[in-house]
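Here is the structure we will look at, set down as structure tokens.
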Amino acid sequence: MTDRLTIATWNINSVRLRLPIVERFLKTYQPGVLCLQETKCPDGNFPFAPLRKAGYQNIEISGQKGYHGVATISKRPLTETERRKFCDNSDCRHIATDVPFCGRHLRIHNFYVPAGGDELDPHINDKFKHKLDFLDEMEDWLGATTFPCMVVGDLNIAPYEQDVWSTKQLSRVVSHTPLERERLEDVRKAGPFVDAMRCFVPMEEKLYTWWSYRAKDWEAANKGRRLDHVWVTPPLAPKVVNVEVVREARGWDCPSDHAPVLATLEG
DNA sequence: ATGGTCGCTAAGCGA
């Protein structure tokens, strides 16, 4: 008996404002699990009822007022939940849940890594220092992962040349600096984890998950970046049978600036 | 080189 599970990740930039497109996405793509980032929603105001009504009975959240916030919603039971704080502050940037897959538990880490501000010098820019410290802590904590595990979410770094519209023009823009690209590779290798998206799209091809709100016509300009990621522990890699960016969702009414990413496991 | 647009939550911050 083969098991099949689709996991989605999406920086939603306010789950309450965008509930209509979350419902549309769930109805259209029917993922087993959806990991949301930037819910911007205190726990008491989270829209549990409409998501349960959409078929997602199992919901684990870590939210705060105004900023950040993550949530994992699932058709399958979520048997274990962990909310980790990073960098000794109370930002809600991580939630891990266990979901049954293939007769055992799959741990799904849902991350929202700090964006890091604009200034490139971490001595001047506290937000960039926070981002680098967060990555250091991720590396230590996720290192030597031995059980079936996925890392998904908005990691706010586009690591490879073809993950941005112009690697030259973005080399001094936070999200694609050589330092961040190297640090993210260090985190990935510490798992170690396999970059599942790049297993399905060759390194030579452009691949984006985010398009700025500031472009007049995001689709025509197509100045995107791959800020959202799906990583798996090596034994899971051959079980990933599909990964895709749902680019159409960037064009829906009242969109997030991020598109969802779908990854399907079969085993 | 600069400014461009969003979503909080009620002027400015974060992205």
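Labels below follow one simple rule: chain letters A, B, ... track the order of the sequence lines, proteins then strands, and each chain is numbered from 1.
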Write out all pairs satisfying ring pair (Phe, Tyr, Trp, His ring centres under 6.0 Å) with one or both partners inside residues 170-206 of chain A, taking only residues at least two apart or from two chains.
F193(A)-W231(A)
Can you name the residues that form a salt bridge (charged side-chain N to carboxylate O under 4.0 Å, His left out) with [X], not counting sequence neighbours?
X	value
D228(A)	none
D257(A)	none
E185(A)	R188(A)

Would you kindly give the [atom1]-to-[atom2] distance between [X] and [N], to the nearest whole Å?
X	N	atom1	atom2	answer
H258(A)	dT5(B)	NE2	C1'	13 Å
N45(A)	dG7(B)	CG	P	18 Å
H130(A)	dA15(B)	NE2	P	9 Å
K40(A)	dG7(B)	NZ	C1'	4 Å
D118(A)	dG14(B)	CG	P	11 Å
W210(A)	dC6(B)	CH2	P	13 Å
Q64(A)	dG7(B)	CD	C1'	14 Å
K127(A)	dA15(B)	NZ	P	6 Å

Are the side chain of S256(A) and the backbone N or O of N11(A) linked by a donor-acceptor pair below 3.5 Å?
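At least one qualifying donor-acceptor pair exists.
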Near DNA chain B, under 4.0 Å by heavy atom, which residues of [range]?
range	result
residues 159-186 of chain A	none
residues 16-27 of chain A	L17(A), R18(A)
residues 108-117 of chain A	Y112(A), A115(A)

Using the rule given for side-chain hydrogen bond (donor to acceptor under 3.5 Å, both in side chains), can you reason through T6(A) versus T264(A), listing the C-alpha separation, both sets of side-chain angles and the distance that settles it, and then say yes or no?
CA-CA 4 Å; T6(A) 298; T264(A) 302; 2.9 Å; yes
dC13(B) to dA1(B) separation - P atoms, rounded to the nearest Å:
26 Å
Work out how far the P atom of dC6(B) is from that of dT2(B), and round it to whole angstrom.
23 Å
Sort and list the pairs that fulfil salt bridge (Lys or Arg N to Asp or Glu O under 4.0 Å) and have at least one residue in [range], not counting sequence neighbours.
range	result
residues 258-267 of chain A	R4(A)-E266(A)
residues 88-105 of chain A	D91(A)-R93(A), D98(A)-R107(A)
residues 44-66 of chain A	E60(A)-R83(A)

Per-pair distances, 0.1 Å, donor-acceptor, side chain in residues 237-249 of chain A, under 3.5 Å, sequence neighbours excluded:
| residue | atom | partner | partner atom | Å |
| --- | --- | --- | --- | --- |
| N242(A) | ND2 | E244(A) | OE2 | 3.1 |
| R247(A) | NH1 | N222(A) | OD1 | 3.3 |
| R247(A) | NH2 | N222(A) | OD1 | 3.4 |
| E248(A) | OE2 | Y29(A) | OH | 2.5 |

Does a side-chain N or O from K65(A) land closer than 4.0 Å to OP1 or OP2 of dC8(B), or not?
no
Taking only residues two or more places apart in sequence, or in another chain, which ones meet W141(A) in a ring-ring contact (aromatic ring centres under 6.0 Å, His included)?
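W141(A) satisfies ring-ring contact (aromatic ring centres under 6.0 Å, His included) with F86(A), H94(A), H109(A) once adjacent residues are dropped.
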Please compare S14(A) and R93(A) by the position of their nearest nucleotide in DNA chain B and report the one closer to 5'.
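Nearer the 5' end of the strand: S14(A).
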Given dG4(B), dC13(B), dC6(B), identify the nucleotide with an atom nearest to the side chain of Y67(A).
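For the Y67(A) side chain, the nearest candidate turns out to be dC13(B).
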Side-chain contact test, heavy atoms from C-beta onward, threshold under 4.5 Å: evaluate it for T39(A) versus V70(A) and give yes or no.
no
